[in-house]
Amino acid sequence: MALLEISGLGKSFGGLRAVNDVSFSVEEGAIKAVIGPNGAGKTTLFNLITGTLPATAGTVTFNGKRIDGKRSHQIAALGMARTFQNIKLFHDMTVLENVMIGRHTRSSAGFLASMFHMPWTWKEEKSIRHKSLEILEMLGMAEHANTEATSLAFGQQRTVELARALALEPTILLLDEPAAGLNIYETAEIGRLIGRIRALDVTVLLVEHDMSLVMDVSDEIVVLSFGEKIAEDVPAAIQQNDEVVKVYLGE
């Protein structure tokens with residue numbers, strides 16, 4: 001069953017077509033990768049799916065509902081979480097506080113209730129704290145719960161960002177270059193974490209440049225070039241695809 005369906009998706013900036021007529025689906029429980037050289041439109045595609053940018057053309061259907069035209073916070077509330085190519089942690093906040101923020105869509109407390117410390121908000125905050133600590137424990141980061149998030153090593157900050165996304169309890173998680181800036185050992189750990197995330201019944205769609213990681217974790221791969229889809233297949237077939245090889249290595 002397709003959890004996410006992209007149909008004829010496009011985005012133009014003036015005369016530039018950053019994404020042009022891209023269509024594919026992501027099956028429930030799958031790990032699917034989107035690859036392509038720099039400037040292929042991968043991050044723009046993610047921004048269109050998650051509502052960060054409005055699409056010029058096409059549709060996005062998530063869990064049977066059209067979400068193109070919705071705002072990013074509305075899409076997140078439906079169960080779609082994402083990380084970013086550049087780490088976006090909150091400064092002057094602990095690891096735990098950063099992860100707790102990821103549960104904002106699961107909170108029923110409004111601004112006024114929180115400001116006036118209504119009794120029921122304390123119970124909700126305790127539950128959010130407990131769930132966030134559980135996620136950090138699962139990812140091996142519980143010992144850093146009270147550490148300022150931006151003081152951690154780069155690879156650990158990546159893991160905190162993953163934890164914050166998981167705090168939303170997503171149905172699908174979009175990872176934008178999760179291995180960017182990591183060494184081979186940290187990249188291998190990210191691969192293991194992605195496998196553990198799938199084991200939580202979370203579908204994964206990732207953009208990634210590290211081909212070893214992509215080939216190791218993906219069930220299927222979509223290849224973009226100049227904003228257009230040029231291939232979609234299983235990893236072994238993508239490796240043998242002449243057009244894909246040409247895009248990466250030239251004639």
Are the side chain of [X] and the backbone N or O of [Y] linked by a donor-acceptor pair below 3.5 Å?
X: Ser23; Y: Gly8; result: yes
X: Gln85; Y: Ala180; result: no
X: Tyr248; Y: Gly36; result: yes
X: Asp176; Y: Val207; result: no
X: Arg198; Y: Ala30; result: no
X: Lys42; Y: Val223; result: no

Where is the tightest heavy-atom contact between [X] and [Y], given as atom of each residue plus distance?
X: Ala231; Y: Asn241; answer: CB-ND2, 3.8 Å
X: Glu97; Y: Met93; answer: OE1-CA, 3.3 Å
X: Arg158; Y: Pro178; answer: CD-O, 3.4 Å
X: Leu133; Y: Ala145; answer: CD2-CB, 3.9 Å
X: Asp219; Y: Pro235; answer: O-CD, 3.4 Å
X: Ala179; Y: Leu213; answer: CB-CD2, 3.8 Å

Does [X] share a hydrophobic cluster with [Y], counting links as ILVMFWY side-chain heavy atoms below 4.5 Å and allowing steps through other members?
X: Ile230; Y: Met211; answer: yes
X: Phe84; Y: Ile172; answer: no
X: Met138; Y: Leu136; answer: yes
X: Val99; Y: Leu200; answer: yes
X: Val234; Y: Val26; answer: no

Contact between [X] and [Y] at the side-chain level, heavy atoms closer than 4.5 Å - yes or no?
X: Leu162; Y: Leu173; result: yes
X: Ile75; Y: Val60; result: no
X: Ile31; Y: Ile194; result: yes
X: Leu205; Y: Ile49; result: yes
X: Arg164; Y: Leu89; result: yes
X: Lys70; Y: Leu78; result: yes
X: Lys11; Y: Pro54; result: yes
X: Ile238; Y: Val214; result: no

Original post:
What residues form a side chain to side chain contact (heavy atoms under 4.5 Å, CB included) with Ala2, not counting sequence neighbours?
Top reply: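 Testing Ala2 for side chain to side chain contact (heavy atoms under 4.5 Å, CB included), a comparison that skips the adjacent residues, returns Glu5, Ser25, Glu27.
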Original post:
Sequence neighbours excluded, which residues qualify as side chain to side chain contact (heavy atoms under 4.5 Å, CB included) partners of Leu53?
Top reply: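 Scan of Leu53 (side chain to side chain contact (heavy atoms under 4.5 Å, CB included), adjacent residues dropped) gives Phe13, Thr44, Asn47, Leu48.
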Original post:
Please, which pairs that meet side chain to side chain donor-acceptor pair (under 3.5 Å) have at least one residue in residues 138-147, sequence neighbours excluded?
Top reply: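 The answer is His144-Gln156.
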Subject >> Pairs where residues 220-240 contributes a residue and the test side chain to side chain donor-acceptor pair (under 3.5 Å) is met, not counting sequence neighbours >> reply: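 Only Asn20-Glu228, Lys32-Glu220, Lys32-Glu232, Lys229-Glu232 qualify under side chain to side chain donor-acceptor pair (under 3.5 Å).
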Subject >> Fellow cluster residues of Ile184, listed by chain then number, with links counted only when side-chain atoms sit under 4.5 Å apart >> reply: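 Traced through the cluster, Ile184 reaches Tyr185.
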Enter the distance from [X]:[atom1] to [Y]:[atom2] here, rounded to the nearest 0.5 Å.
X: Leu175; Y: Glu208; atom1: CG; atom2: CD; answer: 9.0 Å
X: Asp216; Y: Asp210; atom1: CG; atom2: CG; answer: 8.5 Å
X: Ile101; Y: Leu96; atom1: CD1; atom2: CG; answer: 10.0 Å
X: Glu161; Y: Ile87; atom1: CD; atom2: CD1; answer: 6.0 Å
X: Met80; Y: Thr203; atom1: CE; atom2: OG1; answer: 10.5 Å
X: Leu193; Y: Glu186; atom1: CG; atom2: CD; answer: 11.5 Å

Original post:
Is any side-chain N of the basic residue among Arg192 and Glu189 closer than 4.0 Å to the acidic one's carboxylate O?
Top reply: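 Looking at Glu189 together with Arg192, the answer is yes, because their closest N to O distance falls below 4.0 Å.
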Subject >> salt bridge (charged side-chain N to carboxylate O under 4.0 Å, His left out) against Glu134, all qualifying residues, sequence neighbours excluded >> reply: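 Result, salt bridge (charged side-chain N to carboxylate O under 4.0 Å, His left out) vs Glu134: Lys131.
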Original post:
Please walk me through it: do Thr171 and Glu28 pass side chain to side chain contact (heavy atoms under 4.5 Å, CB included)?
Top reply: CA-CA 9 Å; Thr171 307; Glu28 187 174 359; 5.6 Å; no
**OP:** State whether the number of non-hydrogen atoms from other residues, nucleotides or ligands found under 6.0 Å of Arg71 atom CZ is greater than 12.
**Re:**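 No.
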Original post:
Taking Val204 as the fixed residue, which of Leu174, Val217, Ile197 is the one that meets the side chain to side chain contact (heavy atoms under 4.5 Å, CB included) rule?
Top reply: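 Looking at Leu174, Val217, Ile197, the match for Val204 under the side chain to side chain contact (heavy atoms under 4.5 Å, CB included) is Ile197.
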**OP:** Scan Thr61, Thr59, Leu9, Ile6 and name whichever one has a side chain to side chain contact (heavy atoms under 4.5 Å, CB included) with Asp68.
**Re:**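 Testing each of Thr61, Thr59, Leu9, Ile6 against Asp68, the sole residue satisfying side chain to side chain contact (heavy atoms under 4.5 Å, CB included) is Thr59.
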